[in-house]
Protein chains: 2
Amino acid sequence: MDDYAAQAEERLRAAGYRMTRSRQQVIAALAATDRALSPYALIEHLRAGRPRTTPDVVTVYRVLDLLETLGLAHRVHTVPGWVACTWPETDGCHHHIICAECGRIAEVGGEDLAADLHTAPAGWTVRGHVLEYSGTCPECQVGGAGG
Amino acid sequence: MDDYAAQAEERLRAAGYRMTRSRQQVIAALAATDRALSPYALIEHLRAGRPRTTPDVVTVYRVLDLLETLGLAHRVHTVPGWVACTWPETDGCHHHIICAECGRIAEVGGEDLAADLHTAPAGWTVRGHVLEYSGTCPECQVGGAGG
DNA sequence: CTCGCTGCAAAAAATTTGCACATTG
DNA sequence: CAATGTGCAAATTTTTTGCAGCGAG
């Protein structure tokens, strides 16, 4: 997944952001795991590699925020944390399947699984899911106020 | 939605729990709104009714936890908070659609919407969604350890 | 009357904000 | 050099825990 780091850097620069040590580290950490990482967990993960320095939690929050905005990372809720986006180039839907045992996460692309919420990717077993739509309610369709 | 309160009480008792003032209040608050309520927001909501007393936040957390366990409430993530479960009797899937403008939430039952993630309930417009599956990964299928 | 439930105090965890200083391009 | 980005301090918010006393059944 060195691919990811390269693509992330490209996107970052394309959007006018600078490539800094902190950002590289966060990107590297996300690329190196298939579990959800909280900011603290991410730093812990980085420390294992004994780098000269590790970014501050605040910075990690800010970088994750940026990566999310750029479509390079997703926040997951079933298990709290962030994961690298496997298909940043895809603007469409990104679904995740999270192992209840070990926390491993796989990204399920596009409309896959949409047709049958109980069909899992090869090798996985689906037990349940969380599905939340965001949209506009009838009330807010018209005026826009919404009370 | 007095229906909800009645059903909630029944379920609570059936499961061997006591019906207390705090629980009644939390249930009433959930029944009275179609937005996600955080524990603090829920108490705020209750205060508007000028009751003699309002439950402590800790208690609200505990009650929400219990209601979730009993299938009487759902936690939502797109907007942080809890909502009453519209169909407690349904053991199956519960999906939510949340208005990005006003926060209004509607529950979408069963497998509805599953076939086409872009089809909305009457009057609603869908913009995006969060879909997370929980399950078991290939690694954890066998041994069960999962590393 | 008994055990479950609640409130209070307090700690722990998660997230946000402001500002002076360091760094990238 | 001029933004842009970072660290540090600190405040805020959210969630969890322990325990003594209250109240539902």
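What you see below is based on every heavy atom in this structure, not just the backbone, and it leaves out hydrogens, waters and symmetry mates. Lettering follows sequence order; numbering is per chain, from 1.
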Quiz prompt | Whole-Å distance separating the OH atom of B/Y40 from the P atom of C/dT15 | solution = 16 Å
Exercise. Would you kindly say whether A/H77 and A/E132 are connected by a side-chain donor-acceptor distance under 3.5 Å?
Key: no
Quiz item: Whole-Å distance between D/dT6 C1' and A/D56 CG?
Solution: 8 Å
Quiz item: How many Å lie between CG on A/L42 and C1' on C/dA13, as a whole number?
Solution: 17 Å
Quiz item: Are more than 12 heavy atoms from other residues, nucleotides or ligands located less than 6.0 Å from atom CD of B/E10?
Solution: no
Quiz item: Do the ring planes of A/H95 and B/H129 sit parallel (below 30°), tilted (30 to 60°) or perpendicular (above 60°)?
Solution: tilted
Exercise. For the side chain of B/V58, starting at C-beta, report the closest nucleotide among C/dT6, C/dA9, D/dT6.
Key: C/dA9
Quiz item: Starting at the 5' end of DNA chain D, which residue's closest nucleotide do you reach first, B/W82 or A/V63?
Solution: A/V63
Self-check item: 5' precedence on DNA chain D between B/V57 and B/R13 (nearest-nucleotide basis)
Solution: B/V57
Quiz item: A/R52 has an atom CZ; how far is it from atom C1' of C/dT23, in whole Å?
Solution: 13 Å
Self-check item: Spatial distance of atom CG (A/L66) from atom OG1 (A/T59) [nearest 0.5 Å]
Solution: 12.0 Å
Quiz item: Checking only heavy atoms, does the side chain of A/R62 share a donor-acceptor pair with the base of D/dG7 at less than 3.5 Å?
Solution: yes
Practice problem: Could you check which of C/dT6, D/dT14, D/dG5 has an atom nearest any side-chain atom of A/R18? | Solution: D/dG5
Practice problem: Measure the distance from CD1 on A/I43 to C1' on C/dT15 and round it to the nearest whole Å. | Solution: 13 Å
Practice problem: Could you tell me whether B/P80 contacts a base, only the sugar-phosphate backbone, or nothing, with contacts defined as non-hydrogen atoms closer than 4.0 Å? | Solution: nothing
Quiz item: B/R23 side chain: which of C/dC5, C/dT15, C/dC8 is closest?
Solution: C/dC5
Quiz prompt | N/O (side chain, A/S22) to phosphate O (OP1/OP2, D/dG5) under 4.0 Å | solution = no
Quiz item: Taking the inter-plane angle between the rings of A/W87 and A/H94 on a 0 to 90° scale, is it parallel (under 30°), tilted (30 to 60°) or perpendicular (over 60°)?
Solution: tilted
Self-check item: Gap between atoms CD and C1', on B/Q24 and C/dC5 respectively (whole Å)
Solution: 13 Å
Quiz item: A/T59 side chain N/O closer than 4.0 Å to the phosphate oxygens (OP1, OP2) of D/dG7?
Solution: yes
Quiz item: Distance check: side-chain N/O of B/R21 vs OP1/OP2 of C/dG7, anything under 4.0 Å?
Solution: no
Self-check item: Euclidean distance, atom CE of residue B/M19 to atom P of C/dG4 [Å, nearest integer]
Solution: 17 Å
Quiz prompt | A/Y61 OH - C/dA13 P separation (whole Å) | solution = 12 Å
